[in-house]
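Step one of this worksheet: look at the structure below.
Side-chain atoms are counted along with the backbone in the values below, which use heavy atoms only and exclude waters and symmetry mates. All values derive from a computational prediction rather than experimental measurement. Residue numbers count from 1 along this sequence.
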Amino acid sequence: GTIPGRITDSSGAVIPAASVTVVAADTNFPFKATSNEDGLYRVLSLTPGKDKVTVEAQGFKKSIHDVELRVGDTLAIDTTLQVGSMSEA
């Protein structure tokens, strides 16, 4: 499966260089991506099953999404980060 998405702040401005980590629940293996200058990212070659998607950027609260991918799924996850420290979720 594939998880693409766009990362913005609460005003709608894109957030480049945000870290996106997808961890498969059954293997704990992390897949990582970084958003580009348009706030876009894409995590490829994910196995089917439950995953935890974590989005982080300096100066913003961490965002966590629990998702379930099926074979061949493309599951878009657009994320709006709130201003705060990365230790906050």
(message) Would you compute the distance between atom CD of Glu56 and atom CD1 of Ile64 and round it to the nearest 0.5 angstrom?
(response)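 Taking CD in Glu56 and CD1 in Ile64, the distance rounds to 8.0 Å.
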For a quick test of reading the model, state the closest non-hydrogen atom pair linking [X] to [Y] and the distance between them.
X     : Y     : value
Ile15 : Ala57 : CG2-CB, 3.8 Å
Pro16 : Glu37 : CB-CA, 3.8 Å
Asp9  : Phe60 : CB-CE2, 3.7 Å

With the side chain counted from C-beta on, respond yes when [X] and [Y] share a heavy-atom pair under 4.5 Å apart, and no when they do not.
X     : Y     : result
Lys62 : Thr54 : yes
Leu81 : Ile7  : yes
Val43 : Thr2  : no
Ile3  : Val53 : yes

Distance-only check: which donor-acceptor pairs under 3.5 Å involve side-chain atoms of residues 66-73, not counting sequence neighbours?
{"from": "Asp66", "atom 1": "OD1", "to": "Lys52", "atom 2": "NZ", "distance (Å)": "3.3"}
{"from": "Asp73", "atom 1": "OD2", "to": "Arg70", "atom 2": "N", "distance (Å)": "2.9"}

(message) If hydrophobic clusters are built by linking Ile, Leu, Val, Met, Phe, Trp and Tyr wherever their side-chain heavy atoms come under 4.5 Å apart, do Leu44 and Leu75 end up in the same one?
(response)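 In one cluster with Leu44: Leu75, no.
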(message) Using modelled atom types and a 3.5 Å cut-off, is there a donor and acceptor pairing between side-chain atoms of Asp38 and backbone atoms of Leu40?
(response)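 Such a contact is absent between Asp38 side chain and Leu40 backbone.
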(message) Does anything in residues 32-55 form a ring-ring contact (aromatic ring centres under 6.0 Å, His included)? List the pairs, not counting sequence neighbours.
(response)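 Output for this query is empty, none listed.
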Check: residues 18-34 side-chain donor-acceptor pairs under 3.5 Å, at least two apart:
{"from": "Thr27", "atom 1": "OG1", "to": "Phe29", "atom 2": "N", "distance (Å)": "3.2"}

